[in-house]
Amino acid sequence: MKCLRCETEMFCAKLKGDVPGTGVYLTNKKNGLFEAEKRSAVSCFVCPDCGYVELKADTPKALI
């Protein structure tokens, strides 16, 4: 993936959350007690030149 700012090739990095072992994820939960929480893991890309960080949902359709 190319950096949107300087067009340098970005590399994939791990983005750590507050709770150990859970990683970072997106969630979409509708109101209601019995509605299931929908999740997608997140990939993090970093530009080695300018430091731009981009996040990308691994399974965006899972959030619908």
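Residues: numbered from 1 along the sequence shown.
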Do Tyr52 and Phe11 sit in the same hydrophobic cluster, where Ile, Leu, Val, Met, Phe, Trp and Tyr count as joined when their side-chain heavy atoms come under 4.5 Å apart?
no
With clusters defined by side-chain heavy atoms of hydrophobic residues (ILVMFWY) lying less than 4.5 Å apart, directly or transitively, does Leu63 cluster with Val42?
yes
Between Thr8 and Cys50, is there a side-chain heavy-atom distance shorter than 4.5 Å?
no
As an exercise, state the distance from [atom1] of [X] to [atom2] of [Y], rounded to the nearest 0.5 Å.
X     : Y     : atom1 : atom2 : answer
Lys56 : Asp58 : NZ    : CG    : 7.5 Å
Asn28 : Glu37 : CG    : CD    : 9.0 Å
Glu54 : Ser43 : CD    : OG    : 10.5 Å

What's the shortest heavy-atom distance between [X] and [Y], and which atoms?
X     : Y     : value
Cys47 : Met10 : N-CE, 3.7 Å
Arg39 : Ala62 : O-CB, 3.6 Å
Cys3  : Cys6  : SG-N, 3.5 Å

Any sub-3.5 Å donor-acceptor pair from Glu9's side-chain atoms to Met1's backbone N or O?
yes
